[in-house]
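This structure is in structure tokens; I'll ask about it shortly.
Every chain is numbered from 1, with letters handed out A, B, ... down the list of sequences.
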2 protein chains.
Amino acid sequence: MLAKKYSKVAVGGTFDKFHEGHRLLIEKAFQIGENVLIGVTSDEFGGIKGEIEPCDVRMSNLNSLIKNRSNYILARLEEHYGPTVDDEAIDAIVVSPETEHTALKINQIRQKKGMKPLDIITIGMVLAQDGKPISSTRIRKGEIDSVGKIIKE
Amino acid sequence: MLAKKYSKVAVGGTFDKFHEGHRLLIEKAFQIGENVLIGVTSDEFGGIKGEIEPCDVRMSNLNSLIKNRSNYILARLEEHYGPTVDDEAIDAIVVSPETEHTALKINQIRQKKGMKPLDIITIGMVLAQDGKPISSTRIRKGEIDSVGKIIKE
């Protein structure tokens, strides 16, 4: 049985230390969306989180993943919500349990402005070898690699 | 452009004072799922919330909405999670911002058991005439009707 895809799906993040969870998030967006809007936090805005890779490196990691696709826009985000609170054409957003609160906030803002709320698609965390979620923070700390393998001391 | 639907989608709730938000939730489940599993809290379990309609009435309201469909199972829920923490065939769950925490909990349980997490699809709240969300609680209090019209004193 076949169903129509969402016309425009947003996905966003810092995408530091590009890992398996990021890959799944992006792939889900292409799976459900005809067009995908990928927001990547700028160096100024993303830098709030501490020591992260430069935006150009993070963009280039994303580009390697999606280089064979054409139905996307890759945009630098200078603030939390980007076009998701202005663009009526966006109809869904893909998030992880960690960023879901941002999507709920986006819908509050959209509804206050009289805009249609987005469908929020929350995917599961990808678990590392130790059963705990893979995260950029854990990779930055040197606990695991990008596919969740434990790094031995 | 066309995409494959989810094979089996779960949706659940008490569905007291059947309203516009409930209708949208159920319709979203059929829109994205080949098969839909609808869980309705039993009188014993749902009764925790206070004075609600009998399960048979709530089931019958649901039945009126879906009577022309065949691709669903309507099940009484005796506890919070029902088959969602056992059934490997379920691949997504549709929730409102109010019940989303239950879906996150379901995924934690599934992942602890080594099961694939569900995609969680959170739809927006339907707003009443006064711009605040429609809810069974507000209808029970006599503030609004099932489509969100303000009930004058």
Side-chain angles (χ1 to χ4, degrees), chain A residues 1-9 21 24-25 27-36 69-71 90-128 130-134 148, chain B residues 1-9 21 24-25 27-36 69-71 90-128 130-134 148:
Chain A
M1 194 180 283
L2 295 165
K4 234 179 158 308
K5 285 194 183 190
Y6 291 109
S7 151
K8 193 169 180 182
V9 170
L24 224 72
L25 202 68
E27 284 184 353
K28 178 61 69 178
F30 281 100
Q31 189 188 319
I32 64 169
E34 270 181 65
N35 297 288
V36 177
R69 303 187 183 265
S70 58
N71 54 335
I90 303 174
D91 40 24
I93 185 166
V94 183
V95 294
S96 78
E98 280 185 325
T99 55
E100 189 179 37
H101 60 279
T102 305
L104 290 171
K105 184 74 198 165
I106 286 168
N107 272 352
Q108 281 177 8
I109 297 172
R110 285 177 71 95
Q111 291 194 285
K112 248 181 216 162
K113 292 168 96 170
M115 296 169 72
K116 210 177 71 67
L118 307 173
D119 278 4
I120 304 169
I121 292 87
T122 310
I123 64 168
M125 303 294 287
V126 181
L127 304 184
D130 59 3
K132 292 179 205 158
I134 297 181
Chain B
M1 193 180 286
L2 296 165
K4 233 179 157 312
K5 283 194 184 191
Y6 290 109
S7 153
K8 193 170 182 180
V9 170
L24 223 72
L25 203 68
E27 285 184 353
K28 178 61 70 177
F30 281 101
Q31 190 187 318
I32 63 169
E34 269 180 66
N35 297 287
V36 177
R69 302 186 184 265
S70 57
N71 55 333
I90 303 174
D91 40 24
I93 184 166
V94 183
V95 294
S96 77
E98 280 185 327
T99 55
E100 188 179 38
H101 60 280
T102 306
L104 290 170
K105 186 72 199 167
I106 285 168
N107 272 353
Q108 280 176 7
I109 297 171
R110 286 177 70 96
Q111 290 195 286
K112 250 182 212 158
K113 292 168 96 171
M115 296 169 73
K116 210 176 72 66
L118 307 173
D119 278 5
I120 303 169
I121 292 87
T122 310
I123 65 168
M125 302 295 285
V126 181
L127 304 183
D130 60 2
K132 293 179 206 158
I134 297 181

Check: After noting the C-alpha distance and the side-chain angles of Met125(A) and Asn107(B), does the key distance pass the side chain to side chain contact (heavy atoms under 4.5 Å, CB included) rule?
Finding: CA-CA 9 Å; Met125(A) 303 294 287; Asn107(B) 272 353; over 6 Å; no

Margin query: Quick check on the structure: residues of residues 111-124 of chain A within a heavy-atom distance below 4.5 Å of chain B, by number.
Written below: Gln111(A), Pro117(A), Leu118(A), Asp119(A), Ile120(A), Ile121(A), Thr122(A), Ile123(A), Gly124(A)

Next item on the list: Check the surroundings of atom CD in Glu27(B): do more than 12 heavy atoms from other residues, nucleotides or ligands lie under 6.0 Å from it?
Entry: yes

Notebook entry, point to check: Which atoms of Gln108(A) come close to chain B, meaning under 4.5 Å heavy atom to heavy atom: side chain ones, backbone ones, both, or neither?
Noted result: neither

